[in-house]
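Numbers here simply count residues along the sequence, with the first being 1. This structure is a prediction, so every number in the text was calculated from the model and none was measured.
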Amino acid sequence: MDIVKRPDKRAERSRRTREKVIQAARELFVAQGYGATSLQEVADRAGVAVQTVYFAFGNKRTLFKDVVDTSIAGDIEPVAIMDREWFRAACAEPAAADQLRAHVRGTSEILGRVAPLMPMIESAGAADPQIAAGWPDGPDPRYVVQHAAAQALVGKPGARPDVSVEMAADLLFCLLSPQLYLLFVQDRGWSQDQWEEWARATLTAQLCTGPVTGAAPAAGTGPATGAAPAACP
């Protein structure tokens, strides 16, 4: 007889509570800053006791790290970006242009979650030096991801033969940065879709052979100024 495993209700409740606390912390950290937000306020926003927050996260620094990590990942599962299905599927695309399209799409979703946190991350580091000290040493994790994508792309049909893995990684790292995303979307008023199409078209022109399908936003389709902003130098 097959034994049906019952769902662990306690684990599911714990997961939902953790998600509520992280979401509440994210909202408060963005709205009023890391330093100005207390764990009691987070608990009140999440609808739990403050002791629950301490039990689940230990302290505010750990909660902050989980807010950043889950914003990057999109959920609370402890799965690295390079092990995520969307990243693996993008790297498995047979043609360079198709990989870029899928890679920019997945990265755009991450930047939409992470880029608004950048001012909060900077202010948190200033308010609590131990946060900055807690970041891992060594290569930038974002560069490690983009370098892996570059390794998968170079040599595929449609990839420019004169572009090295290192050059491709640099272009992906810089053009898909949260800083550049914020310049276009926050400062210049582009929609996320406009930015995504521009990033895809620009990277395809730099990394692939042949004509680029699609184009960056045309004049008159950008923000309220009536013309699309020029790319940053």
Drop me the distance from L203's CG to L100's CG, to the nearest 0.5 angstrom.
6.0 Å
Can you sort out the partners of F57 under ring pair (Phe, Tyr, Trp, His ring centres under 6.0 Å), two or more places apart, ordered by chain and number?
none
Write down the atom of P94, the atom of P157, and the distance for their closest heavy-atom approach.
O-CD, 3.3 Å
Working to the nearest 0.5 Å, report the span between CD1 of I110 and CZ of F87.
9.5 Å
Take atom CE of M118 as the centre, draw a 6.0 Å sphere, and report whether it contains more than 12 heavy atoms from other residues, nucleotides or ligands.
yes
Nearest-0.5 Å distance that lies between atom OG1 in T70 and atom CD1 in I22
4.5 Å
Under the ring-ring contact (aromatic ring centres under 6.0 Å, His included) rule, what pairs show up with a residue in residues 16-36, not counting sequence neighbours?
F29-Y34, Y34-F64
Taking the side chain as C-beta and beyond, is there a heavy-atom pair between M82 and V144 under 4.5 Å?
yes
Identify the two heavy atoms, one from G158 and one from A96, that lie closest to each other, and give their separation to 0.1 Å.
C-CB, 3.9 Å
Return the set of residues passing side-chain contact (heavy atoms from CB on, under 4.5 Å) with V185 (not counting sequence neighbours), or none when no residue passes.
Y181, W195
The complete set of salt bridge (Lys or Arg N to Asp or Glu O under 4.0 Å) pairs with one or both residues in residues 29-50, sequence neighbours excluded, reads E27-R45
Are L183 and W198 linked, directly or through other ILVMFWY residues, by side chains that come within less than 4.5 angstrom of each other?
yes
Among residues two or more places apart or on two chains, list those pairs meeting side-chain hydrogen bond (donor to acceptor under 3.5 Å, both in side chains) that have a residue in residues 153-166.
Q99-K156, R160-D162
Is it true that a side-chain atom of T202 and a backbone atom of A199 form a donor plus acceptor pair closer than 3.5 Å?
no
Could you tell me whether R88 and E85 make a salt bridge, using a distance below 4.0 angstrom between a side-chain N and a carboxylate O?
no
Side chains of R16 and R13 in contact at under 4.5 Å (non-hydrogen atoms):
yes
Evaluate the criterion side chain to side chain contact (heavy atoms under 4.5 Å, CB included) for residue pair F55 and T17; output intermediate values, then yes/no.
CA-CA 11 Å; F55 178 79; T17 297; over 6 Å; no
Can a donor-acceptor pair be found, under 3.5 Å and without considering hydrogens, that links the side chain of R200 to the backbone of R101?
no
Would you say T52 and V21 make side-chain contact, with heavy atoms under 4.5 Å?
no
What one should report as the nearest heavy-atom pair of V53 and A43 is CG2-CB, 3.8 Å
Rounded distance (nearest 0.5 Å) linking atom NE2 of H103 with atom CG of L172:
5.0 Å
Could you state the interatomic distance from CD (Q51) to CG (L39), rounded to the nearest 0.5 Å?
11.0 Å
How about V30 and L117: do any of their side-chain heavy atoms sit closer than 4.5 Å?
yes
Under 4.5 Å between any side-chain heavy atoms of P161 and T209, yes or no?
yes
Heavy atoms of A90 and A102 approach each other most closely as CB-CB, 3.7 Å
Please report the interatomic distance OG(S191) to CZ(F184), rounded to the nearest 0.5 Å.
12.0 Å
Path from L111 to L171 over hydrophobic side-chain contacts below 4.5 Å
yes
I need the full list of side-chain hydrogen bond (donor to acceptor under 3.5 Å, both in side chains) pairs touching residues 54-64, with sequence neighbours left out, sorted by first then second residue.
N59-T62, R61-D128
Under a 4.0 Å threshold between the charged nitrogen and the carboxylate oxygen, would E19 count as salt-bridged to R15?
yes
For R105 and E109, what are the C-alpha separation, side-chain angles and deciding distance, and is it a salt bridge (Lys or Arg N to Asp or Glu O under 4.0 Å)?
CA-CA 7 Å; R105 172 92 283 270; E109 292 180 358; 2.9 Å; yes
Is there a path of hydrophobic side-chain contacts, each under 4.5 Å between heavy atoms of I/L/V/M/F/W/Y residues, joining Y143 to V145?
no
Report whether M167 and F173 are members of the same hydrophobic cluster (ILVMFWY, side-chain heavy atoms less than 4.5 Å apart, transitive linking).
no
